[in-house]
Amino acid sequence: MAAEPVRPYAREDRPGSAVKKLGRSFYARPAIELAPDLIGKILVHRIGRKEYRARIVETEAYIGQHDLACHASKGRTNRTEVMFGRPGHAYVYFIYGMYDMLNVVASDVDDAQAVLIRAAEPLNGWNVDLSGPGKLARAMHITRRANNGVDLTGKKLFFIDAGAPRPKISRSKRVGVDYAGRWKHALLRFFDAGSPFVSRIRPMSGKRQGEEATR
DNA sequence: GCGTCGATGGCA
DNA sequence: GCCATCGACGCG
């Protein structure tokens with residue numbers, strides 16, 4: 001296991017820096033817009049003196065109660081409550097008995113949309129595999145217990161825009177949602193077309209998933 | 001390289 | 001009884 005990174009300095013905290021923390025308005029729009037715009041942004045998690053930092057390369061949009069792949073399609077429950085709340089908060093859930101998943105609440109109050117963070121490129125010389133939502137959350141120490149419902153405009157867990165140009169983005173079907181009826185076909189997974197840090201295309205069926213370039 | 005399967009626990 | 005996963009294992 002590679003040594004964990006210690007916070008060097010934080011440009012986004014300096015007055016006048018071009019690097020800026022994403023604010024509420026960035027998140028307050030449909031997940032289908034937010035998901036591709038989060039590609040290339042940097043996720044930061046601070047715990048004590050440690051800082052975990054990674055560049056997002058893959059996301060999925062879950063677009064509301066009518067989307068059968070979206071947890072909110074089950075209605076408002078203790079689990080899904082934060083998705084019905086304000087945008088710009090973390091929806092972290094626990095699944096398969098061992099994995100936590102980080103999602104970003106999008107849209108607006110009562111419109112339960114979210115973006116799943118699926119893969120990222122570790123930064124600051126951090127040598128770790130973040131290609132998959134379970135691995136990403138585990139390596140960055142993001143858990144349902146500690147982080148579900150936290151405000152992403154706060155000081156502990158947030159995204160920043162480092163001013164990098166928008167990468168070429170491809171899209172495909174979402175991973176692992178075969179139960180979702182016609183929604184399983186929707187092209188709501190977005191990824192940096194040139195990044196080697198994207199999670200592997202899901203096995204099964206021998207065929208490549210339909211992928212098409214955008215933008 | 002590709003398919004199959006078990007681990008493991010919260011949730012409806 | 002599912003499940004927005006992962007990694008180990010068997011095959012060839």
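Chain A is the first sequence line, chain B the second, and so forth, proteins listed ahead of strands; every chain is numbered from 1. Every heavy atom of this structure was used, including side-chain atoms; hydrogens, water molecules and symmetry mates were not.
A cation-pi geometry, defined here as NZ or CZ lying under 6.0 Å from the six-membered ring centre and within 45° of its normal, does not hold between Lys41(A) and Phe159(A).
The interatomic distance linking His71(A) (NE2) with dT5(C) (C1') rounds to 12 Å, in whole Å. Regarding Asp178(A), its CG atom lies at a distance of 14 Å from the C1' atom of dC2(C), rounded to whole Å. When rounded to the nearest whole Å, the span between CZ of Arg174(A) and C1' of dC3(C) equals 15 Å. Computed from coordinates, the Lys135(A) NZ to dG7(C) C1' distance equals 9 Å when rounded to whole Å. When the P atom of dA4(C) is taken as reference, atom CH2 of Trp183(A) falls 16 Å away, rounded to whole Å. The interatomic distance linking His185(A) (NE2) with dA4(C) (C1') rounds to 17 Å, in whole Å. If you take CG of Leu68(A) and P of dA4(C), they are 12 Å apart, rounded to a whole angstrom.
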Kindly list each side-chain donor-acceptor pair under 3.5 angstrom involving residues 95-106 of chain A, sequence neighbours excluded, with atom names and distances?
{"from": "Asp100(A)", "atom 1": "OD1", "to": "Arg144(A)", "atom 2": "N", "distance (Å)": "3.0"}
{"from": "Asn103(A)", "atom 1": "ND2", "to": "Tyr91(A)", "atom 2": "O", "distance (Å)": "3.2"}

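Partners of His141(A) by ring-ring contact (aromatic ring centres under 6.0 Å, His included), not counting sequence neighbours, listed by chain and number: Tyr52(A). Taking the side chain to side chain contact (heavy atoms under 4.5 Å, CB included) definition, one finds that Glu33(A) meets it with Arg29(A), Pro30(A), sequence neighbours left out.
Side-chain contact between Ile39(A) and Pro167(A) is present, with heavy atoms from C-beta onward closer than 4.5 Å. Between Val82(A) and Phe84(A) the shortest side-chain heavy-atom distance does not fall below 4.5 Å.
No hydrogens or angles considered: nothing links the side chains of Ser73(A) and Gln65(A) as a donor-acceptor pair under 3.5 Å. For the residue pair Ser172(A) and Arg189(A), a side-chain donor N or O sits within less than 3.5 Å of a side-chain acceptor on the partner.
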| field | Pairing annotation in dot-bracket form, given for DNA chain C with Watson-Crick or G-U pairs under 3.5 Å and | for cross-strand partners | value | |||.|||||||.

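Of the side-chain N and O atoms in Tyr99(A), none sit less than 4.0 angstrom from OP1 or OP2 of dA7(B).
Backbone-only engagement by Arg138(A) is indicated by non-hydrogen atom pairs under 4.0 Å involving sugar-phosphate atoms exclusively.
For the side chain to side chain contact (heavy atoms under 4.5 Å, CB included) with Phe190(A), the lone residue among Ile32(A), Leu34(A), Ile56(A), Asp37(A) that qualifies is Ile32(A).
Between the Asn124(A) side chain and the Trp126(A) main chain, no donor and acceptor come within less than 3.5 Å of each other.
Within residues 103-113 of chain A, the residues that have a heavy atom under 4.0 Å from DNA chain C are, in order of number, Asn103(A).
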Protein N or O to nucleotides 9-12 of chain B N or O, pairs below 3.5 Å:
{"from": "dG9(B)", "atom 1": "N2", "to": "Tyr96(A)", "atom 2": "N", "distance (Å)": "3.2"}
{"from": "dG9(B)", "atom 1": "N3", "to": "Gly97(A)", "atom 2": "N", "distance (Å)": "3.4"}
{"from": "dA12(B)", "atom 1": "OP1", "to": "Thr77(A)", "atom 2": "OG1", "distance (Å)": "2.3"}

| query | Do Met83(A) and Tyr62(A) pass the side chain to side chain contact (heavy atoms under 4.5 Å, CB included) test, and can you show the C-alpha distance, the side-chain angles, and the key distance before you say yes or no? | reply | CA-CA 10 Å; Met83(A) 246 199 298; Tyr62(A) 290 83; 5.7 Å; no

